[in-house]
Amino acid sequence: MVLANSLWQRRFASDPRVVGQSVNLGGDSYTVIGVMPAGFRFLVSSDVFLPIGLWADQFRDRDTHPGISVLARMKPGVSLDRVNTALDAVAERLEKEYPRTNTGHRVRAKTIQNDQTEDFRNALFVLWGAVALVLLIAAANVANLALARAAARSPELAIRAALGAGRRRLMRELLTESVLLAVAGGACGVLLAVWGLDALLPWVPEILRRNAEVRINGSVLAFTLSLSVLTGLAFGVLPALRASRPDLDSLLRDAHVTDARPRRRLRSALVIAEIALSLMLLIGAGLLLRSFAKVSRVDLGFAPHGILTMKLSLPPSRYPNGEAEIRFERELRRRIEALPGVRAVAVTGSLPLFDDNSTSDFWVEGTPRPRPGEGASAMQYDATPGFLETMGGRLLRGRDVRDDDDLRAPVVLIDDALARKLFGDKDPLGARLSFPPESARGLRGPEIVGIYAHMIQYGPGDSNPIQTGMILPFAMTAQFAPEWHRGISLILRSAGDPSGLAPAVRQQVLALDPELPVYDLKTMDRAVDDSLAGRRFSLVLLGLFAAVALALASVGVYGVMSYGVVQRTREIGIRMALGARQEDVLRLVVGDGFRLAVAGIAIGIALAVGLSRVLRGMLFGVSAFDPAAYLGLTLVLGFTALLASWLPARRAAQVDPSVALRAE
C-alpha cells in the first residue's frame, strides 16, 4: 500500500521508517511501499492506495464487475478530441468482440479539472459574470462621483490652465488621483476578502474545497492590483478628458459652477446602466432562490431526518462467502437494535445520495429480451428487512423484504417509477423479472412481491437518466454474489439526534469484529445538504452580489439626485419664490429619479432575459421567465430607486428661497 500524507502524519507520527513495514488493514497484511506528498489531492478523499490487481477476479465477468475508471496523462500537443476519437475506435472494436455487453457503449475522456467542476461550471461562469457586473456598477458609481468632483473643481482647473498648465498635465494629475483611489479601494477589498473568506468557505461545495486551494496568495494580490489600476484608468479617463478642457472664458468671468447638459446626460446614463445591471443580477438571484425553494421541497421518497449512516468493509479473508456475510449482518442488526434510542436499523449494499449501484439489461419474464444496450436500468438496493422503515420509505403495495428471502425463492421489490415503465397500468405483483442467463449464474427470475415509492438517488433536481429502482434481499444477493458486499452500509433511525449514537454504534461494531474498518459516518440530513451544496453555493454568492449591486445602484441614484439638487438650488429657490409648493418640488426631483429608474428597469429586464437563458440549466421547477421573480424584484428595485430620489427631494423642498437666492 501507499499511505496518504495525512494518515502518515496522524497514525505514524511522520515516521520515515514506516516504508517497508507491514500494516494490518481489515485483517489483511499489507506492506507500505511509499507515502504521498503533502500537497497531493486525489479525486476522492483517500487514506491509502492499494493495487487494483488485488481484486482482479472481480473483473473477469464483463456483466457484474464493479466498474473502473482510467487515469492517463496525455502526450504534449495531443488534444482531447483526438483522445476521444482514438478511444471511440477502441470501443467500436470491443463492441464487435463483445456485442452482448458492449453494444452502444462508448468512452468519454475529460480532464480531471472538468470532471471535478462540471457540476458547478455554469454556476462558476455565472458568478464570474456577477463579479464583473458588480465591478462595473461600482466603477460607474466612481465615474459619476469623479464627474461631479471634476465639475466642482472646474474653476480651480481653469485657473491652473490660465497659469500655463497643459492639458496633458491636468489629465495626468486627475488620472493619478483616480488610480490611487482605485488602488486604495482594492486594498480595502483585499482586507474584506481576508476577513470574509472564512465565512464564505463553508458555503463552497466540498469537492471544490478539496481540489482547489482557496486562499489569498500572490496571484490574487497581483490580480487585484492590476484590476484596480485598470479600473482607475478606464473609468477615470472620461472625467479627466472633460475636466482637462475647461471653458476658461466663462469660468474666469463667473465663479458659479454650473453643470453642463452633456455632463448631466453622461451621469444619468451611468445611473441608468447601474440600475439595469442591478436588476439583471437581482432577477438572476431571485430565479435561483425560487428554484432552490422548489428543490428543497422535493419529495425524496424517504425521510432523511433522524438517520445515521456508516460504511463497513468486510475483508474476504474473514468473510469468504455469503453465509459469513449474512451471519455478520444479522448479529450486527441485533446488537444495534438493542441500543437505547434506536428505532429501526438495516444493512444495505448501497444508499440513496451515497452510492451509484445500477443494474441493467433486465426485462419482464414472458416478454422478448431487449437488444443489447436497450434493456431497462434501475438503481439496485441489496437490503435487509427494515430498509424501507429505516429510510422512512413508503411501501405502496405488497410486502417488504423478509429474512427468509433467499435464492430458494428469489423476490424483488420495484419502485412505482419502474412499475409504470415496465407494466403501464397493469398490476406487476406476481410477475417475474428476467436477467441475461449468461450473467444470472442460474438465478431464477425473482418474483415482484412489493411496490414502493421511488427514492431519489442522486439528489433533488438531479437529471441522471437512471430514475427507477429495485430492492433485492441482502441474503439473496449475498448467496448469489458475495463479492458485492465487501463494502456495505449500516443505517439506523433514532428518536433524537442520530449523531449522538455514533460512539455506541462504533463500539458494537468493534465488539463484533475488532479489526473491521468503520468509516464515512454521516447523517442523512448532511447527505441531503451536500447534494444541494452546488445550488446553495450559487444562490448565496449571486444573492450577495445582487445585494451589493442594489446598494451601489441606490447610492448612485442618491448621489446623482443630491448633486442635482445642489446644482439646482438657485433654480429651486426661484421656483419657490414664484409660488411653487413643497409638493411641486418633491414631484420635480422625484420625477427625474423616476425617469432614470424606468429607463434602467426597461434595459435591465431585457438584460435579465438574456441572463435567464444562461441560468436555464441551473433552474428546477421554475421558468427562466418566472413572472413572480421579474415583477417582484422590479418593484423592489423601483421602490429603492424612488426612495433614493425622495431623500434629496425632501431636502430640496425645505430650501429657504431667500437663502437660495443669496447663494450667488
Side-chain angles (χ1 to χ4, degrees), residues 64 301-302 312 314 319 321-337 344-352 355 357-359 362-366 376 378-419 422-423 427-437 439-455 468-493:
T64 61
F302 59 90
L312 307 173
L314 304 182
Y319 301 92
N321 51 45
E323 286 71 20
E325 294 172 350
I326 294 170
R327 286 195 301 270
F328 171 80
E329 62 87 1
R330 290 183 177 176
E331 177 61 20
L332 179 62
R333 280 192 290 141
R334 187 190 67 79
R335 287 171 176 262
I336 303 303
E337 284 174 348
V345 63
V347 171
T348 178
S350 55
L351 271 174
D355 306 285
N357 181 30
S358 59
T359 186
F362 58 89
W363 62 95
V364 179
E365 190 175 89
M379 290 308 305
Q380 177 179 318
Y381 305 108
D382 309 312
T384 65
F387 175 69
L388 284 177
E389 179 187 1
T390 307
M391 291 296 298
R394 302 188 299 275
L395 183 66
L396 303 178
R397 280 183 290 163
R399 68 170 178 86
D400 200 352
V401 174
R402 298 193 300 243
D403 275 326
D404 59 352
D405 289 326
D406 55 24
L407 285 179
R408 292 172 297 180
V411 299
V412 63
L413 280 71
I414 63 174
D415 66 12
D416 51 350
L418 184 57
L422 295 180
F423 297 92
D427 184 6
L429 294 181
R432 292 184 177 274
L433 297 182
S434 291
F435 294 90
S439 61
R441 305 179 190 176
L443 172 67
R444 180 188 174 196
E447 178 187 356
I448 300 173
V449 296
I451 312 295
Y452 67 96
H454 174 67
M455 295 187 291
T468 61
M470 64 171 63
I471 300 175
L472 296 172
F474 184 97
M476 185 182 85
T477 54
Q479 293 173 336
F480 173 71
E483 65 274 11
W484 290 358
H485 299 305
R486 300 303 182 212
I488 59 175
S489 295
L490 171 68
I491 56 174
L492 63 90
R493 177 173 292 277

Residues forming a salt bridge (charged side-chain N to carboxylate O under 4.0 Å, His left out) with [X], sequence neighbours excluded:
{"X": "E365", "value": "none"}
{"X": "D403", "value": "R330, R333"}
{"X": "D405", "value": "R399"}

Taking only residues two or more places apart in sequence or in another chain, which ones pass side-chain contact (heavy atoms from CB on, under 4.5 Å) with S350?
D355, N357, Y381
So how far is it from [X] [atom1] to [Y] [atom2], rounded to the nearest 0.5 Å?
{"X": "I488", "Y": "L314", "atom1": "CD1", "atom2": "CG", "answer": "4.5 Å"}
{"X": "I414", "Y": "H454", "atom1": "CD1", "atom2": "NE2", "answer": "13.0 Å"}
{"X": "I326", "Y": "Q479", "atom1": "CD1", "atom2": "CD", "answer": "4.5 Å"}

For residues 388-408, which residue pairs pass the ring pair (Phe, Tyr, Trp, His ring centres under 6.0 Å) check, not counting sequence neighbours?
none
Side chains of [X] and [Y]: closer than 4.5 Å at any heavy-atom pair?
{"X": "F362", "Y": "V412", "value": "no"}
{"X": "F302", "Y": "T390", "value": "no"}
{"X": "P428", "Y": "L422", "value": "no"}
{"X": "V401", "Y": "T384", "value": "no"}
{"X": "L413", "Y": "L388", "value": "yes"}
{"X": "F387", "Y": "D400", "value": "no"}
{"X": "D382", "Y": "F480", "value": "no"}

Considering residues at least two apart in sequence or located in another chain, which fulfil the side-chain hydrogen bond (donor to acceptor under 3.5 Å, both in side chains) criterion with [X]?
{"X": "R397", "value": "D427"}
{"X": "R402", "value": "D404"}
{"X": "D406", "value": "R408"}
{"X": "E331", "value": "R334, R335"}

Assess whether side chain to side chain contact (heavy atoms under 4.5 Å, CB included) is satisfied between R486 and E325, documenting all intermediate values.
CA-CA 9 Å; R486 300 303 182 212; E325 294 172 350; 3.2 Å; yes
Donor-acceptor check, side chain of E329 to backbone of V347, threshold 3.5 angstrom: yes or no?
no
Which residues pass the ring-ring contact (aromatic ring centres under 6.0 Å, His included) test with Y319, not counting sequence neighbours?
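ring-ring contact (aromatic ring centres under 6.0 Å, His included) list for Y319, sorted by chain: F328.
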Any pair counted as salt bridge (charged side-chain N to carboxylate O under 4.0 Å, His left out), so long as it reaches residues 409-418, sequence neighbours left out
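Passing the test, one end in residues 409-418: D416-R420.
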Counting only pairs under 3.5 Å, give me each side-chain donor-acceptor contact of residues 469-478, with atom names and distances, residues two or more places apart or in other chains.
unit_1: T477; atom_1: OG1; unit_2: P473; atom_2: O; d: 3.4
unit_1: T477; atom_1: OG1; unit_2: F474; atom_2: O; d: 3.2
unit_1: T477; atom_1: OG1; unit_2: H485; atom_2: NE2; d: 2.8

Of the non-hydrogen atoms in P482 and G322, which two are nearest, and what is the gap between them?
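Reported closest heavy-atom pair: CB-N, 3.6 Å.
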